[in-house]
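The next block holds one structure in the form of structure tokens; read it before the comments.
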Number of protein chains: 2
Amino acid sequence: MMLKRVAVVGLGLMGGSLALALRPSIDHLTAVDTNPETRARARQVGLADDITGHLAQGIAGADLVILATPVRTILHLLRQLPVLRPDGCLVMDLGSTKEAIGRGLDELPASFQAIGGHPLCGRETAGLAHATAVLYQGQTFVLCRSSRTTPVVEAVARQIIEWIGARPLFLTAGQHDELLALTSHLPYLVAAVLMGTVAAAGQADAWQVTASGFRDTSRLAGSDPAMMLDILLTNRPAILKALAHYQAELTAVTHLLQTAGAEELATWLRERQAERRGYEGRGRGGEGERGRGGGGKRGSEE
Amino acid sequence: MMLKRVAVVGLGLMGGSLALALRPSIDHLTAVDTNPETRARARQVGLADDITGHLAQGIAGADLVILATPVRTILHLLRQLPVLRPDGCLVMDLGSTKEAIGRGLDELPASFQAIGGHPLCGRETAGLAHATAVLYQGQTFVLCRSSRTTPVVEAVARQIIEWIGARPLFLTAGQHDELLALTSHLPYLVAAVLMGTVAAAGQADAWQVTASGFRDTSRLAGSDPAMMLDILLTNRPAILKALAHYQAELTAVTHLLQTAGAEELATWLRERQAERRGYEGRGRGGEGERGRGGGGKRGSEE
């Protein structure tokens, strides 16, 4: 399959970075965004061959359309695609949750070939202003097959991932959403609740006595609300399950702190440290090791 | 007051870094640690003029004794001081909680002049191996007066803080412990519970799909259990209060996620982001901004 024309829809951190990373490998790149300021910035940096706010025009003639908006906008775009492209095309998305999008891909007409994607390199700084061609370098890029996935679109997705320097990891949409509820959506809520708790305490002096611990633990509270809202709304059951487990663990340590002796509490602390060290030992916990990964690969990396 | 001889007791990250940072400014530095391996390492790096495992010998003749062990060991050392130094001396500590230590300082005989200290630059990597002379550069160093605090020991503490490049912040021990429960002890528990929740889920693939978000939010789970145990045991009421507020906030967002519409949930997300941005705006949230602080100082920085 010749991949001559690619359209990226949504020029936030992910879409913008993808455009920057793909530009050298693509004959003709079109970038679509509804925000005029974002388009102006995209023109300034020469992000693509064509930059437009008009979806139909932007995706006309594209061999591959990459949807890089928040999840619920992706769902909306998928419903528009059959009308805008009755001839069909290849479709890939970068949505943060995959089950709802998987159902959307399944419902595309047979003229479409589609695969779900989720590159694991979010930052809490959203927007094209933070986009960088190296965002995906060395990062894990989850791919989720749907009933519209063909060998052709899968090969194209692998090619895209290779061009941007990421590495593919195949999961089912259900696996993806359950795992990310634990490793991404729960951490966001944990951080946001921490931020809310300290802010609500109304202790002006508290900010004076924060150090790197509070800074890192609360970092995700700064995540883009539009992106997070769509994640929460499209992965509610898995997130509520993760929250219930977190609540139970929090209640248990509160009880330990109220009633337990030093030795029992020390055991709990040592277990958590051992788990964190085990995680670091998998090559994922070190500073500056952002997703470089390494040992202990156990997923269905293909 | 001439400060000729200083003894640092406890050569972990904090004590070891303090020794390294003070060495150029002190005539004679003695380092005390009960662990033979730590002492061997201290000798390798030429940490002090004398390095000993014998407390009485180490603090004999010191003008200033700096206690840099976990909190409960500091409390134990304070009870030994009157016997080991019947002539009295200046005393300062680096303990992570300050109320219990404040009471210990109050109980020292009148021949002692003492002040509580807590430099806010912990890391989750403990031990002399990670010590560095620049650890305190630009960091906030909390000082807490006790009934044994005199202008002399306060001036000495300020001198020490100046030598190591930190900046003093005076708080009462009660203020310190209540604020740190929110900004340090609660974040530790939040991170440790997150680590425990993900580990307990038993999803081997989960580690494959972690990125910087999980890494940062769980970082504090790696904190030294001995240090954390003493913090938890000596600041229980304030930590339980912070935990109760966190639990309430977590229950509220869980309820929102179960029942609320998109707009209500979006408002919650935007509020947390605004709080986090406000925190960053105080110069404390940026990457690489580890405690450099800056605008918006509102504490009793003197």
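Here is the naming used below: chain letters follow the sequence lines, and residue numbers restart at 1 for every chain. As a basis for the values below, the full set of heavy atoms in this structure was taken, side chains included, without hydrogen atoms, waters or symmetry mates.
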Are any side-chain N or O atoms of D177(A) and backbone N or O atoms of T97(A), one a donor and one an acceptor, separated by less than 3.5 Å?
-> no

Donor-acceptor side-chain pairing of R215(B) and T210(B) below 3.5 angstrom = no

Who among L269(A), L189(A), T251(A), T254(A) has the most heavy-atom pairs with chain B under 4.5 Å?
-> L269(A)

Scored by heavy-atom pairs under 4.5 Å with chain B, the best of A262(A), A248(A), A266(A) is A262(A)

Donor-acceptor contact present, side-chain T73(B) to main-chain T69(B), <3.5 Å = no

Of all of M228(A), Q247(A), E271(A), which one pairs up most often with chain B through heavy atoms under 4.5 Å apart?
-> Q247(A)

Please look at A242(B) and chain A and tell me whether the side chain, the backbone, both or neither of the residue comes under 4.5 angstrom of a heavy atom of that chain.
-> backbone

Relative to chain A, which of A200(B), G196(B), A199(B) shows the most heavy atom pairs under 4.5 Å?
-> G196(B)

Identify which of L186(A), L179(A), V193(A) forms the greatest number of heavy-atom pairs closer than 4.5 Å to chain B.
-> V193(A)

Is it the backbone or the side chain of L233(B) that comes under 4.5 Å from a heavy atom of chain A, or both, or neither?
-> side chain

Mind telling me whether W268(A) and Y188(B) have parallel, tilted or perpendicular rings, with 30° and 60° as the class edges?
-> perpendicular

Do Q203(B) and E178(A) meet the criterion of a side-chain donor-acceptor pair at a distance under 3.5 Å?
-> yes

Evaluate the ring planes of F214(A) and Y279(B), with Trp represented by its six-membered ring, and classify them as parallel (under 30°), tilted (30 to 60°) or perpendicular (over 60°).
-> perpendicular

Most chain A-contacting option - heavy-atom pairs closer than 4.5 Å, from T183(B), D230(B), V142(B), L180(B) = T183(B)

From L220(A) atom CG to Q273(B) atom CD, the distance as rounded to the nearest 0.5 Å | 12.0 Å

Partner set under side chain to side chain donor-acceptor pair (under 3.5 Å) for T217(A), not counting sequence neighbours | none

Which residues from residues 234-241 of chain B are near chain A, with near meaning under 4.5 Å between non-hydrogen atoms?
-> R236(B), I239(B), L240(B)

Checking heavy atoms, do the side chain of A260(A), its backbone, both or neither come under 4.5 Å from chain B?
-> backbone

Just give me the residue among Q258(A), H118(A), R72(A), E275(A) that pairs up with chain B most often, heavy atom to heavy atom, under 4.5 Å.
-> E275(A)

So how far is it from L143(A) CG to T172(A) OG1, rounded to the nearest 0.5 Å?
-> 12.5 Å

Quick one: list whatever passes ring pair (Phe, Tyr, Trp, His ring centres under 6.0 Å) with H185(B), sequence neighbours left out.
-> none

Could you pull out all residues at least two apart from R79(A) that satisfy side-chain contact (heavy atoms from CB on, under 4.5 Å)?
-> L75(A), H76(A)

Max heavy-atom pairs within cutoff under 4.5 Å with chain B, candidates L243(A), L250(A), L265(A), L182(A), goes to L250(A)

Between chain A and each of V198(B), L257(B), L232(B), count heavy-atom pairs under 4.5 Å; write down the option with the most.
-> L257(B)

Going through the distances and angles, do I161(A) and Y136(A) end up as a side-chain contact (heavy atoms from CB on, under 4.5 Å)?
-> CA-CA 8 Å; I161(A) 291 171; Y136(A) 300 100; over 6 Å; no

Could you look at S184(A) and say if it's the side chain, the backbone, both or neither that has a heavy atom under 4.5 Å from chain B?
-> neither

